[in-house]
Protein chains: 2
Amino acid sequence: MSDVSFIPPRPGLPAGTAAERRDAARNRERLLAAARELIADCGAEGLTMDRLAEHAGVGKGTVFRRFGSRAGLMLTLLSESEADFQSRFMFGPPPLGPGAPGLERLIAFGAERISYVMEFGDLVLAAEHASRGRFEAPAAVLWHRHIEILLREEGFGPDPWLMAGSLAATLDPERLLSLVKVHGIAPDRLAASWRDLVTRVVREA
Amino acid sequence: MSDVSFIPPRPGLPAGTAAERRDAARNRERLLAAARELIADCGAEGLTMDRLAEHAGVGKGTVFRRFGSRAGLMLTLLSESEADFQSRFMFGPPPLGPGAPGLERLIAFGAERISYVMEFGDLVLAAEHASRGRFEAPAAVLWHRHIEILLREEGFGPDPWLMAGSLAATLDPERLLSLVKVHGIAPDRLAASWRDLVTRVVREA
DNA sequence: CATCTAAACGGACTGCGGTCCGCTTATTAT
DNA sequence: ATAATAAGCGGACCGCAGTCCGTTTAGATG
């Protein structure tokens, strides 16, 4: 499953770039280690680019050269779990992966996504704060397509692409986190509501 | 209709505060005028607090004393049209206002909201970038309640409050704007998709 | 009018994300 | 080994939102 990578190992750089220099690789590792350390200590919000640079013992410019932006850094930190999530719903066992009917896969997808956000919430949030467009991020596009395909599989008529976007919007991390952390809603209830929503949307096509 | 104000005339200040001083009032007018001017010239993104202060001939501290934050300023600029929108769906004529069946009111609500975002998009976006929680803003809470009430009116069973939130998330301004501006989707198509969505959700309760 | 006080004021200051550009260094070719 | 070159590097610098605090002033009181 790891031979299909939707998240490049060094995001931001074009695919066919020459191998990176030794010192660059070393600094990247240093930075990632320092970042995880800082996040463990101060939380994702407490990670600033200056502090990261200092903590890793490199210049600030280096941080931005590596990751492009704060969001890019967060994305890199997430890439492993993100890729795992992706491969699970694309190639994994049913009901999340192929083999189950579309509706069941939709339901499972929502539940998984909710769990994912519960686990990596603040990281995801920080990654989303990217300068431009949370809807154009490669991962977001992929879910969108995924939902659209499942809708079509269920014979959904009018405008599957738009409806897929609407459903995806429903799983917005900021919203989910606010529901759980501010309003004290149990994640299970979120999953149940998602199940209800997609069931109604798909019903009798 | 204007005797019910959900948006205080001077947001951020407690209700029972003494009348503001003359100079303060004058500065507030100056600031609002300058802000509208700057937005007309440079767009909402081009409005920075420093430029606004300079343009209005006041100190920067004054700007923040008046509006609390950039988002607060944007909210103030929007308050008139926002209040108008609110009063229309709460007290106005059907199908948006009371008198029509819940489903029709829901459909009309989405359509109106889409138009609203198309008209004031960048303002809304800038206002939403408030420091904490776009879901706790008074206006957002109000729509949420509104949708919930209409769902209940249609006999929606399981979890009307959560479902209302999901439906509201579907109308997220950033998403709508991205669809129209990046993907070139016609607003009518958005409205049609919304109609389809709420119809399916409400169908046979 | 003089006095007093709370509100309003202004702008220097902080911390942030992000950019720029001259210097350094790993790597490759000769 | 040496020279050439492109990649990497660092940190000064920018514009931004938001804060702080000493100073000014509107307006009420006697």
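Within every chain, numbering begins at 1; the chains are lettered A, B, ... in the order of the sequence lines, protein sequences first and strands thereafter. Just so you know, these numbers come straight off a predicted model, no measurement behind them.
Closest approach of B:Asp196 and A:Phe156 over heavy atoms only: OD2-CZ, 3.3 Å.
The nearest heavy atom of DNA chain C to B:Thr62 and to A:Arg22 marks one nucleotide each, and the one closer to the 5' end goes with B:Thr62. The residue among B:Gly68 and A:Gly57 whose nearest nucleotide of DNA chain D is located toward the 5' end is A:Gly57. Annotation: of the two residues near DNA chain D, B:Met49 and B:Asp23, the 5′-most nearest-nucleotide partner is B:Met49.
At least one side-chain heavy atom of A:Asp172 sits under 4.5 Å from a side-chain heavy atom of B:Arg134.
The phosphate of C:dC16 has neither OP1 nor OP2 within less than 4.0 Å of any side-chain N or O from A:Arg51.
Nucleotide C:dG10 holds its C1' atom 11 Å from the CG atom of B:Asn27, rounded to whole Å. For the pair B:Phe64 CZ and C:dT14 C1', the computed distance is 13 Å after rounding to whole Å. Rounding to whole angstrom units, CZ of residue A:Arg65 and P of C:dG22 are separated by 15 Å. The distance from atom CG of A:Asp50 to atom P of D:dC13 is 15 Å, rounded to the nearest whole Å. Taking atom CG of residue A:Leu47 and atom P of nucleotide C:dG15, one finds them 17 Å apart after rounding to whole Å. Between B:Glu45 atom CD and D:dC16 atom P there is a gap of 13 Å when expressed in whole angstrom units. Regarding B:Leu31, its CG atom lies at a distance of 13 Å from the C1' atom of C:dG10, rounded to whole Å. Atom CZ of A:Arg26 and atom C1' of D:dG10 are 13 Å apart (whole Å).
If you check every strand for non-hydrogen atoms under 4.0 Å, A:Arg21 touches a base.
Residue-to-nucleotide contacts include a donor-acceptor pair under 3.5 Å from the side chain of B:Lys60 to the base of D:dA17.
Of the candidates C:dG18, D:dG8, D:dG10, the closest approach to any side-chain atom of A:Ser69 belongs to C:dG18.
Around atom CD of A:Glu54, no more than 12 heavy atoms belonging to other residues, nucleotides or ligands sit under 6.0 Å away.
Residues B:Arg175 and A:Ser166 have side chains that bring a donor and an acceptor to within less than 3.5 angstrom of each other.
The distance from the CG atom of B:Leu125 to the CE atom of B:Met74 is 10.0 Å, given to the nearest 0.5 Å.
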